[in-house]
Structures are given as C-alpha cells and as structure tokens.
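Just follow the structure's listing: the first ligand is 1, and inside any ligand the first atom is 1. Below, each value reflects all heavy atoms present in this structure, side chains not excepted, and no hydrogens, waters or symmetry copies. These figures come from a predicted structure and were not determined experimentally.
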Amino acid sequence: MRIANLAGRAVLLHGDRALDVETASDGRYGPDPMTVLDRWSDFLPWTSTANPNTATQFDPSRLGPPVPRPHQVFAVALNYPPHAAEAGYRPPTDPLVFTKFPSCLTGPHATVELSGSRVDWEVELVVVIGQGGHHIPALRAWQHVAGLTVGQDLSDRHVQMLGSPPQFSLAKSFPGFGPTGPALVTPDEVGNPDDLEISTILNGEVVQQASTADMIFPVTELVARLSAICPLLPGDLVFTGTPAGVGNRMVPPRYLTTNDSLVSRIAGIGELHTTFSQSG
Ligand code: ZN
C-alpha cells in the first residue's frame with residue numbers, strides 16, 4: 001500500500017490516482033495523515049478493503065510530506081562505510097544519532113530556500129514507525145515499521161562545522177531541509193526492504209548510488225537501538241544515513257545552487273524532485 005499526504009489529507013495511491021481516506025472510509029479515518037498512523041493496526045487492514053474505483057487523478061505537486069508532524073525525528077550519521085571513509089572517519093561501533101527538527105519537513109516536489117553557499121545533499125531511506133514501542137527487539141522491528149519513504153537530509157556544511165565539537169541538528173533543520181515522500185510505502189511493496197537501490201541524481205548526473213544493504217546498522221538494528229532508549233511513537237521518522245557521494249567530499253567541493261535540480265530516488269518507493277531558491 002502507498003499512503004500519501006495530498007494537500008493535508010491522507011490518500012491511498014493507486015498508480016496516478018488518489019483515493020481520499022476520509023471519504024472512502026465514511027469518516028472513520030483521516031483526513032489528517034497523522035491520525036492514520038495513530039490507528040495503524042486497524043487502519044492498515046482497512047486499506048485493502050477500500051474500493052479504488054472512486055480514486056481520482058491528482059496533481060503530484062500538491063503532495064506534502066507523508067508524515068507532516070512526527071513527534072520525533074531520528075537521523076543517523078556515517079551509516080555506510082564508504083561515506084564514513086569519505087568523511088574521514090572509521091565506521092562507528094554505535095549509531096551516531098542527531099535530529100532534524102520537524103519544522104524542516106517538506107514534500108516531494110519542493111523548492112527549498114538555500115541557507116547559504118554550502119548546502120549539500122544526502123539521500124536517505126526514511127523509516128516511518130507504525131505501532132510504537134520501548135525496547136523493541138531487532139527480530140520484531142519490522143512489525144513496528146508502518147512503511148518506508150525517501151528522504152533528503154539537506155545539510156548546511158558551514159553551519160554544521162561551526163562548533164567545536166561540531167553539532168549537526170540545526171544545520172540540517174532550515175525550513176525545507178527535510179524533503180520526504182512521495183508516499184509512505186508499506187514494506188511488503190518493495191521486494192526485500194533491506195536491499196533497496198538508493199541514488200541521488202543532480203542535473204541528470206548520478207552522484208550517489210548504493211544499496212541500503214550496505215548500511216552498517218540496518219533498519220532492524222536502528223529500531224532496536226533507538227527504542228532501547230527512547231520509546232518510539234506512531235509516525236516517528238528515522239533518517240537512516242546517506243551513502244557516499246555527497247558534495248562537500250568532491251574535489252573540488254560542490255554545493256547546491258538555484259540552477260540545480262535534485263532527484264532523490266529509492267527503487268520501489270519513488271522519487272523526490274527538489275529545486276532551490278536564493279537565500280532571502
Ligand atoms: Zn544524513
């Protein structure tokens with residue numbers, strides 16, 4: 001199942017058509033995309049009974065972030081060995097975790113205002129929690145995942161490196177720095193959810209390309225380790241880290257400009273199309 005946020009309303013996507021959840025359920029679910037996550041364990045079985053015949057064509061530019069107001073957003077640094085190496089670090093032995101403050105979230109067709117001249121890209125698989133939990137064992141982690149989506153962890157490298165030691169969360173939380181979407185896709189839709197091709201295409205050039213199977217801490221391990229400390233709540237997001245190929249490790253470094261068109265893609269899930277405007 002593919003669940004999206006169309007202009008603030010939860011919809012089920014069927015190809016290029018959308019079925020409004022509140023209308024199709026006679027008011028039982030929706031319209032707020034957050035409320036379907038709160039009731040995930042009875043909402044999900046309902047989705048397979050919804051009649052897709054009343055789905056209608058829609059304008060993809062009206063899609064918002066599939067989870068617009070998560071309680072918690074976890075983000076993991078250096079979770080792919082080649083990216084840890086390009087950043088100058090050995091692979092971590094424990095997940096390195098920061099947050100993207102939820103006000104940075106935006107949808108899959110956003111124009112994002114650049115915060116300065118050193119804004120970089122990081123495509124990431126984003127996990128959406130369905131049923132929450134504390135101390136979730138890795139073996140049961142997928143049962144707590146509502147679905148997967150594509151995320152861009154846009155990062156202002158100047159702000160990120162200002163402190164000593166540097167701290168990441170604010171530099172990655174300017175408005176629009178968390179494009180997500182195009183939909184929340186349930187794990188059964190994507191083949192092997194632990195082995196998905198993930199890539200960034202900048203102006204038609206592939207700059208990041210890997211498999212999520214390369215992650216040091218896979219989804220199950222991240223859910224277990226995070227929930228061992230923080231109780232996870234419905235709709236929480238986990239940005240699971242980016243593969244190699246970010247701009248600030250290129251020679252010479254390359255950063256996003258207003259001329260750029262950024263496509264973030266995960267096979268079986270979809271694409272984000274992000275463009276940029278000048279800082280005000
Ligand atoms: Zn990241």
Side-chain angles (χ1 to χ4, degrees), residues 65 67 70 72-92 94-106 108 110 112 114-116 118-128 148-163 165-181 196-202 207-219 221-223 225-226 236-250 253-256 262-266 269 272 274 276:
V67 184
Q72 306 183 95
V73 180
F74 303 91
V76 181
L78 307 181
N79 199 23
Y80 288 77
H83 175 60
E86 74 178 350
Y89 294 97
R90 284 213 289 268
D94 290 287
L96 301 170
V97 179
F98 58 95
T99 192
K100 288 175 80 70
F101 295 101
S103 59
C104 78
L105 295 173
T106 191
V112 178
L114 295 169
S115 54
R118 292 175 61 190
V119 178
D120 202 350
W121 58 84
E122 297 191 354
V123 66
E124 309 205 2
L125 175 71
V126 174
V127 172
V128 181
L148 304 169
T149 195
V150 186
Q152 247 301 333
D153 177 17
L154 292 172
S155 304
D156 184 318
R157 302 300 187 198
H158 172 66
V159 176
Q160 188 178 341
M161 296 302 164
L162 279 179
Q167 47 94 25
F168 289 5
S169 300
L170 283 175
K172 292 163 171 274
S173 295
F174 286 90
F177 273 35
T180 53
L196 301 172
E197 186 187 340
I198 180 168
S199 55
T200 296
I201 300 99
L202 179 62
V207 289
Q208 293 190 283
Q209 188 167 39
S211 164
T212 62
D214 299 337
M215 291 196 294
I216 297 167
F217 303 103
V219 169
E221 189 70 15
L222 291 174
V223 168
R225 299 246 198 161
L226 294 169
D236 281 355
L237 303 182
V238 184
F239 281 70
T240 58
T242 199
V246 298
N248 74 327
R249 297 299 163 185
M250 291 181 167
R254 185 164 164 188
Y255 298 106
L256 292 164
L262 186 70
V263 175
S264 313
R265 177 185 295 159
I266 299 180
I269 302 178
L272 310 174
T274 311
F276 301 92

What pair of heavy atoms forms the shortest contact from L105 to P70, and how long is it?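 That would be CD1-CD, 3.4 Å.
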Listed by chain and number, what are the ring pair (Phe, Tyr, Trp, His ring centres under 6.0 Å) partners of Y255, not counting sequence neighbours?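 Partners of Y255 by the ring pair (Phe, Tyr, Trp, His ring centres under 6.0 Å) criterion come out as none, since no residue qualifies.
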Looking at residues at least two apart in the chain, or sitting in another chain, which of them share a ring pair (Phe, Tyr, Trp, His ring centres under 6.0 Å) with F98?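 Expected list: F168.
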What N/O/S atom of [X] is the closest to the Zn ion (ligand 1)?
X	answer
E124	OE2
D153	OD2
E122	OE1

K100 and S173 side chains, donor-acceptor separation under 3.5 Å: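 Judged by distance alone, the side chains do not pair up.
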